[in-house]
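Here is the structure we will look at, set down as C-alpha cells.
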Amino acid sequence: MRKAPHYQDDDDIETAEGIPEIDWELVLEADHVHSLFKDIAKGDAWQNALPLLLNDATELLLETLELLHELGKADENEDGSFWQQPSIKPHPQNRTYRDWTALIDLARDAWLAAADQAPARAVRQVY
C-alpha cells in the first residue's frame with residue numbers, strides 16, 4: 001500500500017478513539033496494470049493461459065476484498081467496486097484509476113476463457 005494524496009494536515013484527522021486516521025490506497029506492484037492487461041489480452045498465448053489462471057485470479061480478488069474489509073473499506077454489503085467498476089463487462093463508465101479493479105477484469109476474463117475452453121473448471125470455480 002502507498003499513502004494516498006491528502007489535502008488536510010494529517011495531524012488534524014483522528015478517529016473517535018483519538019487515534020490518527022491514515023489515508024491509504026491499495027495498489028498493485030505493477031505499474032499501469034489496466035493498460036498492461038489490455039495489451040496482452042490481444043495475444044493468443046494470453047487467451048490460452050487464462051483458464052489456467054482462473055484459481056489464482058479468483059483468489060487474488062477475494063484476498064483483495066478481504067484486505068479491504070480488514071482495513072475498514074469494505075464489508076459484506078459494500079466494497080466500493082460499484083463506484084470504480086459499475087459494469088462487469090468492458091464499459092466506458094468503468095474507471096481504471098484504482099489498480100485493484102484490474103483483478104475484477106482478470107477474474108472475469110479467466111472465468112470466461114475457462115467457460116469456453118474448460119467448462120468443468122469454470123463450473124467448479126463459481127462461488
Side-chain angles (χ1 to χ4, degrees):
M1 279 185 277
R2 68 175 170 191
K3 188 170 176 148
H6 195 34
Y7 301 104
Q8 293 178 315
D9 184 2
D10 289 338
D11 295 333
D12 295 339
I13 302 171
E14 293 188 357
T15 64
E17 296 83 23
I19 301 169
E21 185 176 315
I22 297 172
D23 193 12
W24 56 272
E25 178 181 346
L26 182 65
V27 296
L28 302 179
E29 183 67 27
D31 292 329
H32 313 291
V33 69
H34 288 281
S35 298
L36 174 69
F37 281 163
K38 281 182 186 176
D39 291 344
I40 64 174
K42 298 171 188 169
D44 289 339
W46 180 249
Q47 293 303 315
N48 292 332
L50 279 170
L52 302 173
L53 297 172
L54 179 57
N55 290 341
D56 292 332
T58 303
E59 285 300 316
L60 284 170
L61 181 56
L62 288 172
E63 287 175 12
T64 298
L65 293 170
E66 288 171 5
L67 181 59
L68 291 170
H69 183 268
E70 288 295 318
L71 294 170
K73 294 291 184 182
D75 60 31
E76 292 76 19
N77 300 313
E78 185 176 321
D79 59 30
S81 62
F82 62 93
W83 292 110
Q84 307 303 321
Q85 188 152 339
S87 177
I88 191 68
K89 294 172 32 176
H91 193 278
Q93 286 183 324
N94 291 345
R95 301 176 181 123
T96 59
Y97 55 83
R98 298 281 187 235
D99 286 357
W100 74 269
T101 60
L103 298 174
I104 297 170
D105 295 336
L106 178 60
R108 176 204 61 218
D109 292 348
W111 191 88
L112 289 172
D116 184 48
Q117 298 173 30
R121 177 178 282 160
V123 169
R124 285 191 309 265
Q125 192 64 38
V126 175
Y127 282 86

Note, [X] side chain near [Y] side chain (heavy atom, < 4.5 Å):
X    : Y    : value
P119 : R124 : no
L26  : T64  : yes
S81  : W100 : yes
E25  : K73  : no
W46  : L53  : yes

Reported [atom1]-to-[atom2] distance for the pair [X] and [Y], which is rounded to 0.5 angstrom:
X    : Y    : atom1 : atom2 : result
E63  : D56  : CD    : CG    : 9.5 Å
Q117 : L52  : CD    : CG    : 8.5 Å
L103 : L61  : CG    : CG    : 6.0 Å
L28  : T101 : CG    : OG1   : 8.5 Å

When you measure from the side chain of [X] to the backbone of [Y], do you find a donor-acceptor pair of N or O atoms at a distance under 3.5 Å?
X    : Y    : value
R95  : Q85  : no
R98  : Q84  : no
W111 : L54  : no
N94  : K89  : yes
R121 : A115 : no

Write down the atom of [X], the atom of [Y], and the distance for their closest heavy-atom approach.
X    : Y    : answer
A74  : L65  : CB-O, 4.3 Å
A110 : L50  : CB-O, 3.4 Å
D105 : H34  : OD2-ND1, 4.0 Å
L71  : W24  : CB-CZ2, 3.4 Å
A57  : L106 : CB-CG, 3.7 Å
D79  : L68  : O-CD1, 4.5 Å

- Query: Just wondering, more than 12 heavy atoms not from D44 lying within 6.0 Å of its CG?
  - Reply: no

- Message: Is a donor from one side chain sitting under 3.5 angstrom from an acceptor on the other, for D109 and Q47?
- Response: no

